[in-house]
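What you see below is based on every heavy atom in this structure, not just the backbone, and it leaves out hydrogens, waters and symmetry mates. Here the structure is a predicted model, which means the values were calculated and not measured. Letters go in sequence order (proteins before strands), and every chain restarts at 1.
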Protein chains: 2
Amino acid sequence: MISSRFSVAVHILTLLELHKSGRITSELIAGSVNTNPVVIRRMMSLLNKAGLIHSSPGVAGATLVRPLYEITLLDVYRAVQVGVQEELFAIHENPNPACIVGKNIQSTLETNFAKAQQAMEQELARVTLDQVANDILHAQS
Amino acid sequence: MISSRFSVAVHILTLLELHKSGRITSELIAGSVNTNPVVIRRMMSLLNKAGLIHSSPGVAGATLVRPLYEITLLDVYRAVQVGVQEELFAIHENPNPACIVGKNIQSTLETNFAKAQQAMEQELARVTLDQVANDILHAQS
DNA sequence: TATGTTGTAACGATTATAGTTACACAGCCA
DNA sequence: TGGCTGTGTAACTATAATCGTTACAACATA
């Protein structure tokens, strides 16, 4: 299961857009996400390193480096998956090479898994954050 | 990250096909996968419950209920994901409903995440196990 | 300078996974 | 029928990821 860091990151970026003019602290964001401010700051550190936002020590808030319509869900996904295995599917290691199945299964599955992962990522790449933000701000509920 | 149970299950099913005529024990399968026989039996228990194979206590091996060309990677994926959250993407819980973002982000993300997950699953559904087995048995390596 | 904020280290709690031991029970064969 | 082999499953351990939390140094600004 892909961690909720992804959804929290989208939440953060949406709030940054919404409070573009002012300065929103990690504490306020944490209040909306309903978690601890440090969790938010950790995530913003990742978004910062990925070049999606710009933040600096001591000063509240952060600014979007690119407009939301130039950020896709895939960009965010990759930003927060940093340090985690970039492969979506795990393959068991060290199968027995003396067995033809053990010898060849890894490369065969790699190919198939890569296709499935690409299909998923392409779908994420089709959605920009301004679409998401619009859906959120204009949801009928 | 999706657990290696998935790849192990494919490994097991391929071996069952390969040793269709005889009887292959969980110990032998474990030797090919390079793990503990209990891990294999646990997995076969899941495949059994999912109706993909038939095995019975005391008797070595298991038989495929359906031919490999009638089993897709998605079938296997679902069989071994049993009991795990069926949603691929986690969404943070209890965001603050007093904030418009907190109030609406879950449903918005659910929609987008569901599409990405479907794209991945459709790709898995396109591949049958006999294709995988053929790739494994005839790999150039 | 005083206050508030960020960035980050460190630690604990929780959970998923995978390996291992143990054993009851079922089937099979001499 | 008695012994051997194998399955099914519970129970325990180790490991790793995730998330929350406390603590604190460094920084910015009024």
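With rounding to whole Å, B:Ile2 atom CD1 is found 16 Å from D:dA17 atom C1'. Regarding B:Met1, its CE atom lies at a distance of 12 Å from the C1' atom of C:dT17, rounded to whole Å. Atom C1' of nucleotide D:dC19 and atom CD1 of A:Ile12 are separated by 14 Å, given to the nearest angstrom. What separates CD1 of A:Ile40 from P of C:dT6 is a distance of 11 Å, to the nearest Å. Atom CZ in B:Arg5 sits roughly 6 Å away from atom P in C:dA18 (whole-Å rounding). Distance B:Asn34 CG to C:dA18 P: 14 Å, rounded to the nearest Å. A:Arg23 has its CZ atom 22 Å from the P atom of C:dT3, to the nearest Å. For the pair A:Asn36 CG and C:dT6 C1', the computed distance is 14 Å after rounding to whole Å.
Within the 4.0 Å cut-off from OP1 or OP2 of C:dT17, not a single side-chain nitrogen or oxygen of B:Ser4 is found. Between B:Thr35 and C:dA18 there is no side-chain N or O to OP1 or OP2 distance below 4.0 Å.
For the ring-ring contact (aromatic ring centres under 6.0 Å, His included) test, residues two or more places apart in sequence or in another chain that qualify with A:Phe89 are A:Phe113, B:Phe6.
By the 4.5 Å heavy-atom criterion applied to side chains, B:Leu52 and B:Leu64 are not counted as neighbours. With a 4.5 Å cut-off on side-chain heavy atoms, B:Ile136 and B:His11 do not count as touching.
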Protein heavy-atom contacts under 4.0 Å, written 5' to 3' over nucleotides 7-13 of chain D as B (base), S (sugar-phosphate only) or - (none), form the string BBBBB--
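Between the B:Asp135 side chain and the A:Thr108 main chain, no donor and acceptor come within less than 3.5 Å of each other. At distances below 3.5 Å, not a single donor-acceptor pair connects side-chain atoms of A:Ser45 with backbone N or O atoms of A:Arg41.
The salt bridge (charged side-chain N to carboxylate O under 4.0 Å, His left out) pairs that include a residue from residues 11-34 of chain B are B:Glu17-B:Lys20, where partners are two or more places apart or lie in different chains.
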